[in-house]
Amino acid sequence: NAYSAIMTKGDGVIAVSASIKNHIFEKYHRQENVRLIFRGVDAESFDPKLVEEERVKALADSWQIDRNKPVLMLPGRLTRLKGQELFLKSLLHVEHSAYQAVLVGDIKDNPGYTEELMGFIEANNLTGKARLVGHCSDMPAAFTLADIVLSTSSLEPEAFGRTTVEAMAMGKPVIATSKGKNGFCRLAKKPSEISLLDIYLAVEAPKAFSIHHYEVQSPCAVSCNIKSALENALNKTQKGMEDSLAKISLAHLLADIKKH
């Protein structure tokens, strides 16, 4: 985009990660005077041993946090790039109801998106479970309150997920989306507990067979009846395929791959 292109026009360019350095070359053909300087974390600030309980308590009181319930925290600017909506949608799949979801970020920066997120919370019965707490000037204390920190950037990969590294420096587990060159996914269950049918249904793959969508030609008896005649046969075939997939686990497939 034009904004990123302008940033590559200086006498020298600093790339905060190897991925960004490669991106600068691939997209903007800039290779000279591009220096790789990894972005870091202030270890003296983001150290759980150095965060006083008074700071944590003050923040908990301000945000009305119940210290006896787990806190799921998404820190970041309120923008679609950071995936706050994806975070809220994921909460609809959380079976355990005794949690608190906290979105940290200045609600004044993007009032339109803020209103949209608040509307989603209300429309999906998340009021009381999810809240937008606004800007926070004491993130070490905020991370201390969190049980799990999330990074849900979904439209574009993060150049350097600072909040992710800061949370890890505070000893907090991080759940992140797999967007980007260095992203990855992790299985939620053992391969032996995942069938190929589970995978087939999870990726919402189309049916193995489909019936054409041509308009029925009323003068033609075949045209009028072929779809209904085929539908029963193809449904049986589809069920047979799914039954077969259900009998094969991911572990079986991995074993076969290793053989070759």
Side-chain angles (χ1 to χ4, degrees), residues 1 3-4 7 14-17 19-20 23 38-43 45-48 51 55-56 59-60 62-65 70-94 99-122 124 126-127 129-186:
N1 57 56
Y3 173 75
S4 297
M7 295 178 67
I14 295 174
V16 297
S17 69
S19 176
I20 290 299
H23 179 77
F38 291 107
R39 195 172 184 181
V41 175
D42 184 351
S45 296
F46 291 90
D47 183 340
V51 180
R55 291 161 54 190
V56 180
L59 206 55
S62 174
W63 291 350
Q64 299 181 336
I65 297 294
V71 174
L72 311 177
M73 182 176 294
L74 173 58
R77 290 182 298 111
L78 295 190
T79 168
R80 296 187 192 281
L81 291 174
K82 297 295 183 182
Q84 281 87 1
E85 185 178 356
L86 177 62
F87 173 50
L88 292 176
K89 286 181 178 179
S90 72
L91 298 179
L92 303 180
H93 301 281
V94 178
Y99 67 83
Q100 301 162 99
V102 178
L103 291 84
V104 183
D106 195 338
I107 59 176
K108 298 178 181 178
D109 278 350
N110 195 338
Y113 188 50
T114 298
E115 185 177 351
E116 186 178 327
L117 294 174
M118 294 178 70
F120 185 93
I121 290 173
E122 183 177 355
N124 290 276
L126 292 174
T127 303
K129 293 182 180 179
R131 68 195 71 173
L132 283 69
V133 297
H135 172 73
C136 177
S137 58
D138 191 354
M139 286 308 299
F143 286 133
T144 301
L145 282 174
D147 291 280
I148 298 176
V149 177
L150 294 99
S151 174
T152 54
S153 299
S154 55
L155 296 181
E156 294 182 6
E158 291 276 3
F160 181 90
R162 187 181 66 183
T163 56
T164 297
V165 180
E166 289 173 346
M168 295 172 68
M170 292 295 295
K172 300 298 177 177
V174 176
I175 298 176
T177 50
S178 58
K179 185 72 176 180
K181 294 182 179 179
N182 297 318
F184 67 92
C185 296
R186 183 176 181 179

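It should be emphasised that the depicted structure is a prediction, and the values quoted were computed from it without experimental measurement.
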Side-chain heavy-atom pair Phe143, Val104 within 4.5 angstrom cut-off: no
Side chain Asp106, main chain Lys108, donor-acceptor under 3.5 Å: yes
Counterpart residues, side-chain contact (heavy atoms from CB on, under 4.5 Å), relative to Thr114 (two or more places apart): Leu78, Ile107, Met118, Leu132
Interatomic distance, Met170 atom CE to Glu166 atom CD [nearest 0.5 angstrom]: 10.0 Å
Exam field: side chain Arg77 to backbone Lys82, donor-acceptor pair closer than 3.5 Å: no
Flag if over 12 foreign heavy atoms under 6.0 Å of CE, Met168: no
Contact summary for Ala167 and Val174, nearest pair of heavy atoms: CB-CG2, 3.9 Å
Euclidean distance, Leu72 CG relative to Phe87 CZ, rounded to 0.5 Å: 5.5 Å
Other residues, nucleotides, ligands: >12 heavy atoms within 6.0 Å of Arg55 CZ: yes
Partner residues of Thr79 under the side-chain hydrogen bond (donor to acceptor under 3.5 Å, both in side chains) criterion, sequence neighbours left out: none
Distance (rounded to the nearest 0.5 Å) between Lys172 NZ and Thr163 OG1: 15.0 Å
Leu59 and Leu145: CA distance, side-chain angles, deciding distance, side-chain contact (heavy atoms from CB on, under 4.5 Å) verdict: CA-CA 8 Å; Leu59 206 55; Leu145 282 174; 4.1 Å; yes
Heavy-atom closest contact (Ala141 atom, Val51 atom, distance): CA-CG1, 3.9 Å
4.5 Å side-chain heavy-atom contact, Leu92 and Leu126: yes
Check against side-chain contact (heavy atoms from CB on, under 4.5 Å), Val56 and Asp138: CA-CA 9 Å; Val56 180; Asp138 191 354; over 6 Å; no
Separation between CG of Leu74 and OG of Ser151, rounded to the nearest 0.5 Å: 7.5 Å
Gln84 side chain vs Thr152 backbone, donor-acceptor pair below 3.5 Å: no
Stepwise side-chain contact (heavy atoms from CB on, under 4.5 Å) test for His135 and Asp109: CA-CA 10 Å; His135 172 73; Asp109 278 350; over 6 Å; no
Pair Leu91-Tyr99, side-chain contact (heavy atoms from CB on, under 4.5 Å): steps then yes or no: CA-CA 10 Å; Leu91 298 179; Tyr99 67 83; 3.6 Å; yes
Point-to-point distance, once rounded to the nearest 0.5 Å, from OH of Tyr113 to CG of Leu81: 9.0 Å
Closest non-hydrogen atom pair between Cys136 and Ala142, with its separation: SG-CB, 4.0 Å
Test side-chain hydrogen bond (donor to acceptor under 3.5 Å, both in side chains) applied to Glu116 - qualifying residues, sequence neighbours left out: Arg80
CD1-CD1 distance between Ile148 and Ile175, expressed to the nearest 0.5 angstrom: 4.5 Å
